[in-house]
Enquirer: 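A single structure is presented below for examination.
This is a predicted model, so every value here is computed, not measured. Quick note on labels: first sequence line is chain A, next is B, and so on, each numbered from 1.
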2 protein chains.
Amino acid sequence: MNIGEIARRAGVSRSTVSYALSGKRPVAAATARRINEVIAELGYRPNASARALAEGRTRTLALVIPPASRRLTNVQLDFVATVVEAAAAHDLDVLLSPSGGDHDRSFERIVTGRRVDGVIMMEILLDDPRVTRLRQNELPFVTIGHVEHPGGSWWVDVDYAALVRRCVHHLADLAHRHVVLINRSAELVAAGYGPAVRSTAGFQEAAEQRGLSAHVVCCADEPAAGLACFEQIRARRPEVTAVVTINEAALPGLQRALHRAGLVVPRDFSITGVIADRLAEDFHPPLTAADVPAEEMARLAVDLLVERIADPAADPRHALLDPVISLRSSTGARPAR
Amino acid sequence: MNIGEIARRAGVSRSTVSYALSGKRPVAAATARRINEVIAELGYRPNASARALAEGRTRTLALVIPPASRRLTNVQLDFVATVVEAAAAHDLDVLLSPSGGDHDRSFERIVTGRRVDGVIMMEILLDDPRVTRLRQNELPFVTIGHVEHPGGSWWVDVDYAALVRRCVHHLADLAHRHVVLINRSAELVAAGYGPAVRSTAGFQEAAEQRGLSAHVVCCADEPAAGLACFEQIRARRPEVTAVVTINEAALPGLQRALHRAGLVVPRDFSITGVIADRLAEDFHPPLTAADVPAEEMARLAVDLLVERIADPAADPRHALLDPVISLRSSTGARPAR
DNA sequence: TTGTAAGCGTTATCAC
DNA sequence: GTGATAACGCTTACAA
């Protein structure tokens, strides 16, 4: 069933049906009613492909996610869920594209096949080939995270460097002298994953400024790695009294390791970092930490993208969020030796 | 740039370019080479909407997920990631549709707008209006989970009833006499969510068969609820020595509650249930539990759907998986009083 | 207020 | 082996 069928049954032309549907031209009340009755009766909906072809837009967004092999973290998950929801609020559908490197069929299909009106990309590297690729096409896009030289692109991100700097200052204020940053996995760091690299920079900068002895360790995104990582720190650097972490997935392992070592937080050891609030509250004791406002970022990304699609000539915009650190109870003064 | 432009530059007709691309008709080697050169040079790719309109298929699948408001569980997340990956293996894109009840714009848009060639739906209720809706349309679909009367539909599911029955028998074999099932949230049970309802049935059936005193409690999908839930069980039914659970999200809270109550697992208390393997192994001690093989299910669902799309007249197929219970170390003999 | 008709970019059926 | 050309179902000037 198509628009012609509706037109025939309502005794009008196809264009009238189209206009009745879109409201782009006034239609007599009686005619509109007749048309709507027929539409309701037959449960008609315009064919999306035909409409996209005629209009030159698909009413669809692409969301580029990391490949399934790399298990999604909670934060990433929140991005996906919220992007979908925010897009739905604009009556936009979301096409998922798992993509890692630049040779990616799904990504290419979407980008050059005019399958979508715009793209949201997450897990951005400092030097990301996909960003380069999208810049060549004239497909509007917004990134969650930002490349090293964002130039005229549109993006939203959290200021990891500032956040981690603040964590270090907080620990320094509590008289800690030896601190460690538990980073994301070595592969991510090697690939130039923004948050991992920027956290390191902020950590070292603040530590130097406060004259702390500071070390950075990479840790795979899983509990077992967190446990091993902490035990290694205890073995190699027994003088360390506090850690900063941006590795959510390692947290349960960290918790277990602390327990196993007989350390009481924050009496014997302090922990802080960038951690989703629900995880931070789940920790025992609740973690003093900054939360990545994933929902806000995702919503913002969609809004920016919609804006950019509506006005391709608009000046580039971005947002660097700087969430507060919630003082809970996982940090305390450096323990007396 | 379109196929006409390619044809012009290659000095052939549009149809020849189309055939060179699809291979549905032989093209002279020299001609094909010329065409491919032009295509490569210009980075041409057929417009997806136009192709969909002409071919009558979109090369896209829809994945209907629970609305974002209800946070996705790990298992659901695995479904999403694997479906996307499996679809990509077939060169199919995936459109995400968050949908709860039946009044859903996104769902309707996708179903009646011919936006996709088929639908995969998860989080199925025993009496699910969306299944009814899809049956009316002649849109191929496969569900992860199954309605009470699946009739001629296509689905994959895990046999929750059998799994939970087996857990109960296992506990009975260990001489436990008083057991509790920690179910999913009360809302899910009330809504008729398959796994929640079928688990209850299997639990009660097996308990009755073995003459156990058995109770079922609902528990919201979050750690705090798990903690509260367990403390309530201890307070109201101190005689209980073992629980079966299908509520992954509540697990950390359960763990904490056990610890707080000074109970050592499995010496003082036994736990088992249906839990993703990586969570089961993360528990302390590792949980004796059956794992929902989310990846296998998702992959199977995609394969079935592809098959159904290719042959709409094919006989309905389904798969009721029955994963083994991994004996780890969270269950033991009933403690002496 | 409504109808006619020309696209939109493909695919596929005829011809040659 | 290749080229016209008619669909596919819709939107949108342009007429009336």
Enquirer: Roughly how far, to the nearest 0.5 Å, is the CG atom of Leu42(B) from the CE atom of Met1(B)?
Expert: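 Interatomic distance, Met1(B) CE to Leu42(B) CG, rounded to 0.5 Å: 5.0 Å.
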
Enquirer: What's the verdict on salt bridge (Lys or Arg N to Asp or Glu O under 4.0 Å) for Arg115(A) and Asp93(B), showing C-alpha distance, side-chain angles and the deciding distance?
Expert: CA-CA 10 Å; Arg115(A) 267 181 112 10; Asp93(B) 288 319; 2.6 Å; yes

Enquirer: Taking 4.0 Å as the cut-off, does a side-chain nitrogen or oxygen of Thr16(A) come that near to OP1 or OP2 on dG3(C)?
Expert: yes

Enquirer: Going by heavy atoms closer than 4.0 Å, what residues in residues 29-43 of chain B are next to DNA chain C?
Expert: none

Enquirer: Could you tell me if Thr58(B) and Arg114(B) have a donor-acceptor pair between their side chains, going purely by distance under 3.5 Å?
Expert: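 There is no such pair between these side chains.
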
Enquirer: Please work out if Gly11(B) contacts a base, only the sugar-phosphate, or nothing of the nucleic acid, heavy-atom cut-off 4.0 Å.
Expert: sugar-phosphate

Enquirer: List the protein contact pattern of nucleotides 6-11 of chain C with one symbol per nucleotide (5' to 3'): B for base contact, S for sugar-phosphate-only contact, - for none; contact means a heavy-atom distance under 4.0 Å.
Expert: -BBBBB

Enquirer: Give a yes or no on whether a donor-acceptor pair under 3.5 Å exists between the nucleobase atoms of dT2(D), that is its base, and the side chain of Arg25(B).
Expert: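 Side chain to base: pair present.
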
Enquirer: Where do Ala294(A) and Asp78(A) come nearest, in terms of heavy atoms and distance?
Expert: CB-CB, 3.6 Å

Enquirer: Any cation-pi pair here, Arg308(B) with Phe141(B), using under 6.0 Å and within 45°?
Expert: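 Because its charged atom sits under 6.0 Å from the ring centre and within 45° of the axis, Arg308(B) does stack over Phe141(B).
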
Enquirer: For a quick check under 3.5 Å, do Thr16(B) and Ser13(B) share a side-chain donor-acceptor pair by atom type?
Expert: yes

Enquirer: Okay, side chain of Thr112(A), backbone of Glu108(A): is any donor-acceptor separation there less than 3.5 Å?
Expert: yes

Enquirer: With a 3.5 Å distance limit and no angle check, can you tell me whether Arg34(B) reaches the backbone of Ala10(B) through a side-chain donor-acceptor pair?
Expert: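 Present.
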
